[in-house]
There are 2 protein chains.
Amino acid sequence: MHYTHLVFYIFERIHFEVFWIIMNRTYKQIQQITLAVDCIIFGFDTNKLEVLLVHRGFEPEKDRWSLMGGFVGNNEDLDKAANRVLCDLSGLENVYMEQVRTFGKANRDPYERVVSTTYSALILKKDYRAELISEYRAEWFSINNLPDLIFDHKDMIVSAIQRLRRRVRTVPIGFNLLPEKFTLPQLQKLYEGILGEQIDKRNFRKKLRTMDFLIRLDEKDKSQSKKGAFLYRFDEKEYNKAKSFNI
Amino acid sequence: MHYTHLVFYIFERIHFEVFWIIMNRTYKQIQQITLAVDCIIFGFDTNKLEVLLVHRGFEPEKDRWSLMGGFVGNNEDLDKAANRVLCDLSGLENVYMEQVRTFGKANRDPYERVVSTTYSALILKKDYRAELISEYRAEWFSINNLPDLIFDHKDMIVSAIQRLRRRVRTVPIGFNLLPEKFTLPQLQKLYEGILGEQIDKRNFRKKLRTMDFLIRLDEKDKSQSKKGAFLYRFDEKEYNKAKSFNI
DNA sequence: CCAAATGAGTGTAATGCATACACTTAATAA
DNA sequence: TTATTAAGTGTATGCATTACACTCATTTGG
């Protein structure tokens, strides 16, 4: 075969292949999109609400902070993806996360089109193994003092905080953060930390007194005061009988 | 340049381009997913809440009903996609829809992997041009009497109803469904229809009396009774001053 | 023209819930 | 014994929610 023919043949192949590939990609581009999950992990220790962020040590957006995020696999439940990503990036397992909302502006990620569904959880900081923090360059930040975040991650955190505060008042998720036996001052500090506001002790306790699923034990915890504070436990069965929860 | 060099140059280019494109596609195929939006359109005329569904005249799932759904384009905002799909399938334009939640179980659609974000709106049935109903085989169904729906569309409707009922109590979305001038009996019927429960007339009006953005006019509507009912209007500016809304 | 019918409009009492607010108690350590 | 520390308790007030029944204005038909 003459070189000239070969060159034309090659050009034709290129034309055909590129046409096919481009068409195929174009068609797929209409309908297939990279789908991500981003996890907003709220952490609480004794008084403040913080959020776990990871440091980007690479370009693009080097040295900024981001939520723990990753892509959704093709045969993976969205909920499962959120848990996998969280585990991959933090070692946290069996964390109950709830979907917050989906962020889908075409240009929210300026590098490529990614639609991201956010999930949120509330955990105790001490349950997070400290060694993983350095490994993944993750850090806790007070929700009142967030660093510079990539993309729309700040909006994601804000909407997750709103949801958390609404939810913590109507569902007893706060009790999951306390040990089996806890004191009322502990519980109050928890709510104050999450809601970001002070609560009157007497009014708070008055409301709790109406909740039959809070059982006072005959033990006291003396670690915080000389007098000691009565320990309580959360009774699951009683709670299921109750219709409402509201703090 | 000699042909030989050109050929090798071309081969090199092909190698590079194809490698890049293949890698890129492979990378994308792992992570790209068909993303859909489904619209839950609640319609109200005078007393009942209904939802707009389309009949599937084709396999698979022929003769079952579904929400109005479609795929999200690659350069299309998620919110915009919802509006486009709604318009394509119903002719409804400028409908303000809000995101409800995203359904992402791997097998929710047994035919292919599709993640779907739901959007919901509340409109007046009469604003929907009737001729489009037959064209698209769409029909209104009472929310208490839904037909057999494909996939998880029933769950989608249920979660949208919950959200709508929560929202209609805290944001004055109901007023959008009424004409400029409306009567209090009309307003009450609207709320009763959406909430699915009876409301005491005196208590309802007592609450409305505290809302400064409801302005009573010096006109009456006599179409519903011999006595006639006073017309009111919703004052946007006064509402913006107000901090709260709660019915 | 009077009676019946229809839907519009109004008020009060009781109860529960949210808020504001200050002192006493138990225990320990100095 | 006294000082310190945090735990624990009650009341009064206002505001919102609920339950509840009659009068009013107008039209229609006898």
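Protein chains get the first letters and strands the later ones, always in sequence-line order, with residue 1 at the start of each. Below, each value reflects all heavy atoms present in this structure, side chains not excepted, and no hydrogens, waters or symmetry copies.
Rounded to whole Å, the distance from CD on Gln224(B) to P on dA8(C) is 7 Å. Separating the CD atom of Gln188(A) from the P atom of dA7(D) is a distance of 9 Å, rounded to the nearest angstrom. For the pair Phe204(B) CZ and dA8(C) P, the computed distance is 13 Å after rounding to whole Å. The separation between Gln186(B) atom CD and dG9(C) atom C1' is 16 Å, rounded to whole Å. Rounded to an integer number of Å, the gap from Lys201(B) NZ to dT17(D) P is 20 Å. The interatomic distance linking Leu187(B) (CG) with dG7(C) (C1') rounds to 17 Å, in whole Å. Rounded to whole angstrom, the span from the CG atom of Asp221(B) across to the C1' atom of dG7(C) amounts to 12 Å. What separates CD of Glu219(A) from P of dA7(D) is a distance of 17 Å, to the nearest Å.
At a cut-off of 3.5 angstrom, the base of dT4(D) holds no donor-acceptor pair with the side chain of Lys227(A).
Checking dA19(D), dT19(C), dA7(D) against the side-chain heavy atoms of Asn203(A) singles out dT19(C) as nearest. Checking dT9(D), dA7(D), dT17(D) against every side-chain atom of Lys206(B), the shortest atom distance belongs to dT17(D). Closest to the side chain of Lys222(B), from the set dG9(C), dA18(C), dT27(D), is dT27(D). Set against dT6(C), dT10(C), dT4(D), the side chain of Lys226(B) has dT6(C) as its closest nucleotide.
The distance between the ring centers of Phe175(B) and Phe182(B) falls below 6.0 angstrom.
Put simply, the side chain of Gln99(A) gets close to the backbone of Thr102(B): a donor and an acceptor are under 3.5 Å apart.
Counting all heavy atoms, side chain and backbone alike, Arg108(B) lies closest to Met156(B) at NH2-CE, 3.3 Å. Across all their heavy atoms, His55(A) and Asp63(A) have their closest contact at CE1-OD1, 3.1 Å.
Of the side-chain N and O atoms in Arg205(A), one or more sit less than 4.0 angstrom from OP1 or OP2 of dG8(D).
Each of Lys220(A) and Thr183(B) was assigned the nucleotide of DNA chain C with the nearest heavy atom; the assignment lying further toward the 5' end belongs to Thr183(B). Mapping Phe230(A) and Gly228(B) onto DNA chain D by nearest heavy atom places Phe230(A) closer to the 5' end of the strand.
Using modelled atom types, one finds a donor on one side chain and an acceptor on the other under 3.5 Å when comparing Asp79(A) with Tyr119(A).
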